[in-house]
Structures are given as structure tokens and as C-alpha cells.
Amino acid sequence: MKRLLIGLIASVAIFAAPAMAQEKKLKIGATTYGLNAEFMQLWSAALKEHPAVKSGDVELTVFDGRYDALVQQEQFNTMITQKFDAIIFVPMDVEAGAAAVQAAHDAGIPVVGSNARVNSDLLTSYVGSNDVLAGEMEAKAVLDKMGCKGNLVILEGPIGQSGQIQRLEGNQKALQACPDVKVLETQTANWSRAEAQTLMENWLTAHPGQINGVIGQNDEMALGAIEAIKAANLNVSDFAIAGVDGVTDAINAVKDGLMASVLQDGSAQAQGALDVAIKAVRPDYTPVSTVWTQYPDMKWNDGKDKDYLVPWTQVTTKNADKLLESRK
Amino acid sequence: MSLSDNKTTNGWFTSDSRRVIIQEYGIFFAFLLLSLILSVSNEYFLTSGNISNILLQTSINGVLAIGMTFVILTRGIDLSVGSVVALAGIVSGSLATTSATAGVFGAPYPAYLALVVGVLVGFACGTIVGIIVSRFAVPAFVATLGMLSAARGMTLIYGGGKPVPGLTPDFRWIGTGNILGVPMPVVILAVVFIVSWWVLNRTRFGRYIYAVGGNPHAAKTSGINVTRIRFIVYTISGSLSGLAGMMLSARTGSALPQAGVAYELDAIAAVVIGGTSLSGGVGRVTGTLIGALIIGVMNNGLDLLGIQSYYQQVLKGALIVGAVMLDQKRNHGQ
């Protein structure tokens with residue numbers, strides 16, 4: 001209910017300025033797991049900035065899934081009834097999303113996954129990033145700073161979400177290279193900065209002077225840990241801290257030398273997914289977004305690949321300002 | 001809750017105030033017992049650093065729960081506190097940020113201005129709810145459920161769903177600063193508690209609140225402006241929610257639109273554990289403070305012992321229900 005307003009606004013505000021279209025306009029819908037947090041907003045904003053939407057070639061509707069797998073399923077039904085040409089899907093739930101994909105598939109509508117995984121082999125394609133790799137990269141950044149020895153703690157996402165499962169797998173993969181490092185605590189702070197702050201305050205008490213590193217499975221939680229360390233009058237630079245996503249606050253913290261972060265390029269995920277979706281409907285389409293030139297490692301391959309993995313970018317003091325500039 | 005309590009109080013107080021004292025001591029005893037168990041099981045529990053942590057982690061819920069006590073004493077409920085926390089946080093944050101994109105025109109403004117505006121935002125939400133409940137006789141559950149949804153929506157509209165980073169150090173002082181070594185949020189909680197205790201126990205307005213909650217018809221007949229009292233308690237809860245919202249954003253360093261989700265539940269839990277009756281008229285703000293401390297101590301202790309947060313939720317649920325069961329039994333026993 002509380003997200004209804006935002007959902008309405010989001011879905012109404014999408015209709016881009018109509019322009020001369022040489023072919024029949026494509027009707028493409030996107031359902032996101034929820035539009036309340038910064039990351040998904042960057043994602044949907046990028047979708048609306050896609051050249052094909054701007055030119056009026058594609059009529060785009062973005063739905064707010066309101067963090068509910070059932071809501072997303074209803075939105076699929078709406079899009080099927082209204083005969084959308086293609087659907088872009090950012091699922092709330094790995095398993096529950098599969099039924100929705102099945103329904104669209106039965107109606108002959110191609111579904112392109114983006115950002116989060118769904119357990120279905122009926123997806124036309126998936127354009128996202130490899131969370132296992134992100135987990136490995138951030139853990140490696142922490143372990144490198146610790147010199148592969150000492151103790152660390154892990155702040156996890158909500159247990160069972162694909163991001164938590166895969167990033168933890170990556171964390172553990174990196175930890176195997178450092179058998180001397182001891183993991184003192186592994187707990188969920190539900191992606192939340194405030195929860196992570198409380199947890200870290202209590203851990204600093206339970207393990208005084210023993211924690212050398214903090215792996216936050218997202219930036220928000222890593223930032224919460226930083227606040228807890230500051231509040232305990234400890235020196236943040238004595239800790240190795242890393243997060244994932246590259247949210248604005250985290251980029252600033254990287255600039256200040258407080259943490260490491262890897263940027264998840266939501267814009268590229270969104271725009272790439274739309275290119276693949278258009279291609280699924282129009283066989284002669286060539287991609288018009290800049291994603292494919294920006295990441296030459298991610299090959300277009302005629303839009304036929306099952307998986308398109310947008311590379312992660314390590315946020316550094318060098319590229320921080322440029323990244324912040326692009327947010328404005 | 002023990003024999004000795006009865007002995008020492010016998011003859012000293014009226015039976016009514018004796019029951020209240022037993023209630024307060026009962027919950028205080030439970031608090032001591034919990035603390036004792038945790039001190040024995042973890043060597044760091046009783047260190048000054050950890051006690052400071054517990055108070056810090058209790059401060060926001062404590063402030064919300066004290067506001068909630070005023071409302072519940074009049075037989076009301078305020079489900080909107082969590083959403084008001086977010087709204088006040090984001091509006092005051094947009095005044096006190098150095099970020100060029102997230103701030104309003106001319107930001108950063110001085111911290112005191114942002115603080116006043118934040119409390120006013122909470123006051124405004126409380127005013128709306130108060131009018132709806134007192135003048136239009138809409139059940140508090142419904143009116144505040146509406147505000148829970150509306151205030152969250154306004155938060156997202158106002159900030160475009162984005163966090164407000166880069167709060168000024170002056171503003172953050174209410175979350176991270178200290179006075180003579182006592183963290184500011186704890187100082188704020190202490191001030192809010194003392195003022196509320198005084199209002200509820202030493203002023204006519206306080207007695208009216210108990211009277212309205214105890215028996216609204218009798219209160220009305222005896223000349224109390226029930227509508228006005230009902231209105232005011234929601235503005236108190238709203239203003240304190242606004243204050244708590246700023247304590248939260250000052251502590252985390254950013255005002256987040258998702259802040260405060262489900263905070264109303266912890267606030268209500270603290271009030272109920274503290275022995276305030278949901279049917280109004282009975283309860284003490286001291287009990288609420290101890291109720292909030294029990295929740296804080298439990299969360300902190302279980303973290304220290306390395307117990308999964310899922311168990312914490314189960315234990316908190318059991319504690320809430322257990323506290324009310326004890327309360328019922330005791331009241332029947334009298």
C-alpha cells in the first residue's frame with residue numbers, strides 16, 4: 001500500500017516523448033522487485049534513458065514489484081493480457097519468479113532477466129553481474145589489506161536471497177586462499193546500515209582488539225560498520241573493510257580511504273537487457289545502447305547468448321570523482 | 001513480584017499504588033535477572049563500553065516508546081512512528097547536508113534549524129493523526145495505519161527514494177557527540193524521560209491522561225476536555241518520532257528512506273513489557289524505559305553470545321506475550 005503511490009508515479013511517468021517511428025512501436029514492460037532503494041532507481045532511470053526509448057521506438061512501462069513475488073506475478077498477468085511484446089524481469093525471489101516466466105513463455109512473450117537471478121531455463125537471456133565474483137573481489141580486497149592473516153567478520157544480506165547466497169560463496173572462495181584468517185562472526189544485517197552498525201558495535205565489544213577486517217556483502221552494511229568503529233573511538237584505517245554496489249556514500253568513503261567497494265553497473269544491466277529484449281522481437285535489430293562499446297569484454301554475439309555478465313568495476317580513488325559526476 | 005516487596009510496602013501505600021510499585025519492581029527484577037545471566041555468560045557484558053553501547057542502542061526505541069506510552073495510556077495506539085522517523089529524518093537531512101544533489105536550496109542550513117524542522121515534521125504528522133482520532137472519532141489503529149502508509153510515501157516522494165548523504169558534523173553531533181562522556185542520544189533519552197515522568201506524575205495534564213484512559217466517560221463528566229487530551233498525546237508521539245528520526249540519521253550519517261521500518265513494533269513492545277495496559281489508564285513511563293532497556297539488553301547480549309538474530313526475534317515475541325500474561329495474572333490475583 002505504502003509503495004502504491006510511487007508505483008503509480010513510476011508507471012505513469014515513463015511514457016517518453018513520441019517521435020517518428022519507422023516500424024510498429026514495441027511495447028516493452030519491466031517489473032522490478034521494488035523501487036524504494038537507490039540501486040533499483042538507478043537501474044530504472046537508465047532504462048528510461050535507453051536510446052530506443054528516447055526515440056519513441058519502444059514504449060516502456062516500469063512496474064514496481066513492491067518487494068513481493070506475488071505482486072510481480074500479477075504484473076506479468078497484466079502485461080500478458082495487454083499483449084506486451086517483451087518483458088524485462090528483475091525478480092524478488094529466485095524460485096517464486098519461475099511461474100511468472102512460465103506464464104509469459106506460454107503466451108509467447110520473451111522474458112529477459114536482469115540484475116537478479118530466477119530459477120527458470122525459459123528466460124530468453126540474462127543480463128546481470130556475477131555476484132560470486134563480486135563476493136570474491138571484495139573479500140580479496142579485505143584479505144589483501146590484512147596481509148592474509150588476522151580475524152574478520154562477515155555482514156550478510158537477508159538469508160536466502162540470491163545476492164546473499166552468491167556473494168557468500170564468493171567470500172568463502174577468497175577465504176580459502178588464506179587459511180590462517182579466522183572468521184569470528186557471520187550474521188545477517190539485512191542489507192541495512194542501521195542494523196549493521198548495531199551488530200558491529202556489539203562485535204567490537206565481544207572481540208575487543210581482535211577484529212581486523214569486515215566483509216560487508218553490500219555497501220550499506222560496510223558503511224554501518226564504519227560508523228560503529230568511529231563511535232567506538234577506534235581508527236577506521238586500522239580495519240580492512242569492503243562492500244559491494246558502489247552506492248554514492250560508499251564511493252565517498254572510498255575516496256576518503258575508509259573502505260573498498262566494487263561497482264555494480266545497474267545502468268549497463270538495464271540498457272543491455274533492453275537491447276536483448278528488442279532483439280528477441282526484431283531479428284534484424286542491432287543494439288543502440290553504449291553498453292557494448294563500454295564493456296568490450298561483454299560480447300553482443302547477435303543477442304543470442306544465455307548470459308550477459310556486466311563486469312564489476314573496482315572503485316578507486318582515481319575513478320571515484322568520475323563515478324560521482326555520472327550520478328548527477 | 002516477591003514476598004519482600006509486599007512486606008516492605010504493606011501499610012505504607014494505598015493498595016492501588018502498591019500494585020503499581022509491584023508492577024514496576026516486577027519488570028525491574030526481570031531486567032536485573034536478564035542482566036545477571038548475561039554478565040555471567042559473557043565477560044564483556046558488564047564493561048563500561050558495552051553498557052554505553054546498550055544505552056546508545058536503546059535510545060531511539062526508548063524515545064519512541066515514551067511517546068507511545070502517552071498514546072497507549074489514553075487507550076490509543078500509534079502505528080505511524082516508524083514512517084514518521086523516516087520522513088523527519090529525510091526532511092531534516094535535506095536541510096543539513098553538504099551534498100549538492102540531495103539538499104534543498106541553500107543547504108546546509110545550521111543544525112538547530114534542521115532539528116527544529118525535523119521535530120515540526122513529526123509534530124505535523126501527529127497533529128493530523130490527532131485531529132482525525134479526536135475530532136472525527138476514527139479508531140487510532142486505522143488513523144495511524146493510514147499515517148504509516150502516507151508518511152512512508154511522502155518520504156519517498158520528497159527524497160525521490162534516494163538517501164541523503166553528507167550530513168554536517170554539527171547535525172551529526174546529536175547522534176555521535178557526547179556531554180561529559182555520555183553519548184548524546186543517551187542524554188536526549190534521559191531528558192525526554194525526565195520531562196515525561198514529570199508531566200505524567202506531577203502535572204494536572206498528566207493526571208488527565210490517566211483519567212481519560214481509565215474511564216473516558218467519567219473523565220468527560222468531571223469536566224476534562226477529553227478531545228483535547230487525545231489530540232495532544234498524538235502530537236507528543238509525533239514530535240518524539242521526529243526527534244528519533246534525526247537521532248537515527250545523525251547516528252548512521254545518512255538519512256535513509258527505508259529507515260524506521262517496523263520500529264512501531266519495538267516501541268509498542270517496550271511499552272507492553274514495561275507493564276502499561278493496552279486498555280489504557282494504567283502504566284508508568286519508568287516501566288517503558290525498563291521495557292526498552294530489556295529489548296536493548298537482549299539484542300546486545302545475544303549478539304555478544306554470537307546467537308543468530310532469528311532467535312532474537314523468537315525470544316522477543318515470547319517476552320512480549322510473557323510480560324502481558326504475568327501482568328494479567330497479577331491483576332487477577334489482587
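We use all heavy atoms of the structure for the numbers below, so side chains are in, but hydrogens, waters and symmetry mates are not. Naming: A, B, ... by sequence-line order, numbering from 1 per chain.
Of the residues considered (B:G175, B:P163, B:G49), B:P163 shows the highest number of contacts with chain A, using heavy-atom pairs under 4.5 Å. Listed options A:M40, A:Q187, A:E185 were ranked by heavy-atom pairs under 4.5 angstrom with chain B; first place goes to A:Q187. When each of A:A196, A:P208, A:G224, A:A228 is checked for heavy-atom pairs under 4.5 Å with chain B, A:P208 comes out on top. In terms of heavy-atom pairs under 4.5 Å with chain A, the best-connected choice from B:A259, B:P165, B:S99 is B:P165.
Heavy-atom distances place no part of B:L302 under 4.5 Å from chain A, backbone and side chain included. Using a 4.5 Å cut-off between heavy atoms, A:A231 makes no contact with chain B at all. Neither the backbone nor the side chain of B:N178 comes within less than 4.5 Å of any heavy atom of chain A. Neither the backbone nor the side chain of B:L305 comes within less than 4.5 Å of any heavy atom of chain A. Heavy-atom distances place the side chain of B:L248, and not its backbone, under 4.5 Å from chain A. Interface remark: B:I54 contributes no atoms to any contact with chain A (heavy atom separation under 4.5 Å). Contacts of A:E195 with chain B are absent, with no heavy-atom separation under 4.5 Å from either backbone or side chain. Contact annotation for A:I159: both backbone and side-chain heavy atoms come within less than 4.5 Å of a heavy atom of chain B.
One finds the OG1 atom of B:T252 at 9.0 Å from the CG atom of A:D249 (value rounded to the nearest 0.5 Å). If you take CD on B:Q57 and CG on A:N202, they are separated by 4.0 Å, rounding to the nearest 0.5 Å. With rounding to the nearest 0.5 angstrom, the CG atom of A:L204 is 12.0 Å from the OH atom of B:Y44. How far CZ of B:R251 is from CD of A:E227: 9.0 Å, rounded to the nearest 0.5 Å.
A:E201 and B:N50 form no side-chain donor-acceptor contact under 3.5 Å, judged by distance and modelled atom types alone. There is a side-chain donor-acceptor pair under 3.5 Å between A:T205 and B:N53.
Side-chain atoms of B:Q258 never come within 3.5 Å of backbone atoms of A:S192 as a donor-acceptor pair (strictly under, hydrogens ignored).
Side-chain contact check for A:R193 versus B:L256: some heavy-atom pair is nearer than 4.5 Å.
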